[in-house]
Amino acid sequence: MSGKKSKYGIPVGVVAALLYAAIVLCTSPSHAAMSFAKKGCLDCHKKFVTQYLGMKDVHPVVKEQKCEECHLRHGIVPKLLLKESGNALCLKCHPKDKIGMNKANVHSALKNGSCTLCHSPHASQSARLLKGDGNQVCYQCHKKELFEKKVVHQALSRDGCKACHVAHSSDQKNLLAQAEPKLCLSCHDSKGAGFKKAHGGYPVEKARCTVCHNPHSSEKPKLLKGSVHDPVQSASCDGCHNAPAADNPFGVTQKGSELCYQCHDATKLKMGGSVEHAPFSGGDCLSCHNPHTSEFSKLTVRDGNALCIGCHKEKGAGMTAPHAAVTTGKGCLSCHKPHAAGKKLLVAQGADLCYGCHAKVKESQSMSDVHFPFAEGDCTSCHNPHGSNIHGMVKARMDTVCYGCHSDKESAFKKNHTHAPVLNGNCVACHAPHASAQGALLKAPADDLCAKCHAKLMEQETGGSNHAPFKRKNCLGCHDSHASNTPGMLAKKQEALCLSCHLDIEKGLKGKGSKHAPLMNGGECTKCHNPHKSKLNRLLLAPSPDLCLTCHKQIKEKMGKETPHQPAQKDCTTCHRPHFSAEGSLLAEPVRTTCSECHDLKSEQFGKDHLNINPDGINCVSCHNPHASKDSKFFKDTLHPPFAARTCDDCHIVEKR
């Protein structure tokens with residue numbers, strides 16, 4: 001037992017013993033009896049039993065509790081997991097040919113994979129697992145009111161939709177059980193005296209009944225459609241057709257519009273219009289009208305705008321900004337005549353047509369500044385009269401429309417810095433499209449317009465300083481309202497813009513001496529000053545010396561590590577001018593004069609420290625650092641050894657004076 005060991009360091013004999021014990025335990029009768037019992041679906045879905053299994057018609061797979069015929073098992077977390085999507089699951093048991101999907105016309109619900117629109121997949125109180133009795137299932141998709149008008153077809157009342165229609169598919173259109181008129185004649189006796197009298201003796205049994213009759217319900221007697229031609233209403237078919245006994249009884253007595261003009265006066269239909277609608281001028285009345293009956297007014301073959309869109313298909317495209325006159329009320333006929341009128345069949349010409357609805361817009365023509373197209377009544381130069389995908393029914397993006405006339409502005413506004421409304425093509429953010437009491441068609445005075453977007457910025461600083469143009473709200477004194485190649489959308493480059501007001505600085509910069517670098521490098525005034533407002537005097541961005549040290553980083557670093565000169569630590573302008581100076585390094589005065597403001601050059605100590613050299617000949621900064629130094633006397637970092645040892649006479653001849 002103490003011999004060989006496994007790779008885990010356990011003796012091989014011990015491993016063998018353990019394996020033997022495991023085999024014995026697993027094969028023992030008591031262990032073999034231990035197993036997991038498989039639960040059925042209904043052990044958890046108890047509500048399902050109450051809800052479905054007591055119904056009149058239960059799906060066979062549900063009745064047999066074969067849930068996994070359709071569903072995948074899901075475990076603890078409940079989730080609907082069907083084995084197939086759509087109709088594919090149903091078609092495993094109900095083959096396509098048996099439910100008629102191979103026929104010419106298939107019910108749209110079935111074709112689109114929506115069996116469960118009509119059938120309950122588990123159980124129902126109605127036969128064939130239908131979700132309702134009779135017509136109720138059909139009314140889920142088909143508007144109930146269309147089938148329950150004043151006069152209802154007896155077959156529909158008695159037997160419901162299935163009297164004439166097949167549920168799944170048919171070789172006939174509209175899922176009819178038989179073709180017209182055979183289907184109708186299965187109930188209606190075409191040989192009866194009443195039938196013949198009602199149809200003027202014409203052999204209508206050979207024609208489609210639904211040409212004149214609504215097969216479901218109608219507001220008119222005999223199920224005639226909503227709009228009925230007078231000859232049909234009075235059974236005077238021979239007013240248009242050949243005699244009932246003729247070889248061709250349904251042939252017409254006149255061709256085209258000549259038949260219609262027997263009753264309808266063409267001149268009255270034109271109503272004085274000089275431009276005729278193409279079908280009307282071509283005598284093609286039937287392109288718009290049904291000669292017998294229609295469910296739509298004036299015997300039209302389609303309702304409302306659908307009639308016009310039948311030919312003018314491009315006008316039927318959906319739009320995000322549709323014209324209300326087109327989509328509501330009389331639709332196309334709000335603006336157009338159906339037979340004849342003036343140009344483009346319009347009921348009125350130019351802006352007069354628009355002002356019929358937009359009277360308030362017309363009133364704005366009395367304003368002082370009127371947009372030229374609006375003044376001329378040329379609404380369509382900017383608007384699409386039918387609708388648009390741009391707000392306000394504008395023909396294209398706003399700037400594109402504006403550039404159509406203001407072509408010079410398109411290139412003028414394409415600069416490095418563009419005002420957001422211009423960049424977004426939103427000209428009407430600032431300009432009124434029709435008329436304004438302000439110049440340049442502005443919606444409001446310029447400063448009020450700016451405040452709409454920049455209100456927070458335009459709040460003046462109390463207790464600080466405000467730039468004079470900013471205080472006067474004269475934004476356009478400095479900024480271009482559209483675009484600029486200068487940052488901040490400035491009207492000019494910064495140096496030219498600022499110096500156009502600050503003439504004293506401009507004059508000083510032209511003189512001799514030293515100039516502040518930001519002013520000489522393109523007039524970067526805003527490196528030190530806020531162009532609008534500041535909590536500090538002179539619109540400064542920060543107090544001195546912090547402001548100066550943002551650029552003079554070496555001096556800042558030196559002052560941080562070494563002993564700073566008190567004036568430099570307090571305020572740079574103690575010694576320096578901010579813009580220009582006749583002295584070097586922007587000093588306010590010559591070096592000696594500047595230093596003498598604090599140091600008494602005539603004192604005994606000063607003379608002793610400087611070997612009694614005449615102060616007039618001393619340049620202080622030759623030896624001293626004016627900002628900071630490690631030395632208590634502010635000597636520069638690198639010193640000549642004799643000078644550092646204060647032995648000037650090693651090199652110089654000292655004369656007493």
Min side-chain heavy-atom separation His339-Met271 under 4.5 Å: no
Atom of Cys285, atom of Cys260 and distance for their closest heavy-atom approach: SG-SG, 3.7 Å
Main-chain N/O of Phe470 paired to Lys473 side chain as donor or acceptor, under 3.5 Å: no
NZ (Lys225) with more than 12 external heavy atoms under 6.0 Å: yes
Lys493 atom NZ, over 12 foreign heavy atoms within 6.0 Å: no
Between CG on residue Leu223 and OG on residue Ser218, distance to nearest 0.5 Å: 6.0 Å
Short side-chain to backbone donor-acceptor contact, Ser334 and Gly331, under 3.5 Å: yes
Distance-only polar pair, side chains of Ser544 and Asp571, donor-acceptor under 3.5 Å: yes
Listed partners of Cys382 passing side-chain contact (heavy atoms from CB on, under 4.5 Å), at least two apart: Val401
Atom pair CD/OG of Gln460 and Ser465 - distance to nearest 0.5 Å: 11.0 Å
Close side-chain approach of Asn105 and Asn174, heavy atoms under 4.5 Å: no
pair Leu490-His479: side-chain heavy atoms closer than 4.5 Å: yes
Distance (rounded to the nearest 0.5 Å) between Met319 CE and Ile390 CD1: 11.5 Å
Gap separating the CD atom of Glu363 from the OH atom of Tyr355, nearest 0.5 angstrom: 11.0 Å
Derivation and outcome, side-chain contact (heavy atoms from CB on, under 4.5 Å), residues Ser364 and Phe374: CA-CA 10 Å; Ser364 60; Phe374 176 61; 3.4 Å; yes
Under 3.5 Å donor-acceptor, His516 side chain and His579 backbone: no
Main-chain N/O of Leu146 paired with Ser217 side-chain donor or acceptor, under 3.5 Å: yes
Leu539 CG to Glu461 CD distance, which is reported to the nearest 0.5 Å: 10.0 Å
Flag, side chain of Asn242 to backbone of Asn248, donor-acceptor distance under 3.5 Å: yes
Polar side-chain atom of Gln140 near backbone of Val137 as donor-acceptor pair, under 3.5 Å: yes
Verdict with reasoning, Ile505 to Leu499, per side-chain contact (heavy atoms from CB on, under 4.5 Å): CA-CA 7 Å; Ile505 296 177; Leu499 295 178; 3.8 Å; yes
Aromatic plane relationship, His142 with Phe147 - under 30° parallel, 30 to 60° tilted, over 60° perpendicular: perpendicular
Heavy-atom closest contact (Cys212 atom, Val232 atom, distance): SG-CG1, 4.3 Å
Donor-acceptor contact present, side-chain Asp303 to main-chain Phe296, <3.5 Å: no
Check: Val326 main-chain N/O paired with Asn305 side-chain donor or acceptor under 3.5 Å: yes
Parallel, tilted or perpendicular: rings of Tyr261 and Phe280 (30°, 60°): perpendicular
side-chain contact (heavy atoms from CB on, under 4.5 Å) between His216 and Val152, intermediate numbers included: CA-CA 6 Å; His216 302 111; Val152 181; over 6 Å; no
Non-hydrogen atoms of Ala340 and Lys337 that approach each other most closely: O-CB, 3.4 Å
Minimum heavy-atom distance Leu509-Met520, with the two atoms named: CD2-SD, 4.0 Å
His312 and His277 aromatic ring geometry - parallel, tilted or perpendicular at 30°/60° bounds: parallel
Over all atoms of both residues, closest heavy-atom pair of Lys344 and His336: O-ND1, 2.9 Å
Side chain to side chain donor-acceptor pair (under 3.5 Å) contacts in which one or both residues fall within residues 438-457, not counting sequence neighbours: none
Residue pair Thr293 / Leu299: nearest heavy atoms and the distance that separates them: CA-CD2, 3.6 Å
Contacts of Lys409 that satisfy salt bridge (Lys or Arg N to Asp or Glu O under 4.0 Å) - sequence neighbours left out: none
Student check: side-chain heavy atoms of Tyr202 and Asp238 closer than 4.5 Å: yes
Separation between SG of Cys450 and CG of Leu476, rounded to the nearest 0.5 Å: 6.0 Å
Flag if over 12 foreign heavy atoms under 6.0 Å of NZ, Lys415: yes
Test item: Glu410 side-chain N/O and Ser407 main-chain N/O as donor-acceptor pair under 3.5 Å: no
4.5 Å side-chain heavy-atom contact, Pro221 and Val151: no
Derivation of the side-chain contact (heavy atoms from CB on, under 4.5 Å) call for Thr253 and Gln262: CA-CA 10 Å; Thr253 57; Gln262 291 181 127; 4.1 Å; yes
Distance-only polar pair, side chains of Asn112 and Ser114, donor-acceptor under 3.5 Å: no
Any donor-acceptor pair under 3.5 Å from His532 side chain to Met458 backbone: no
Residue His417 excluded, over 12 heavy atoms near NE2 under 6.0 Å: yes
Any His482 side-chain heavy atom under 4.5 Å of Thr418 side chain: no
Side-chain heavy-atom pair Asp399, Cys427 within 4.5 angstrom cut-off: yes
Heavy-atom check, side chain of His213 versus side chain of His153, under 4.5 Å: no
Plane angle bin for His371 and His406 - parallel if under 30°, tilted between 30 and 60°, otherwise perpendicular: parallel
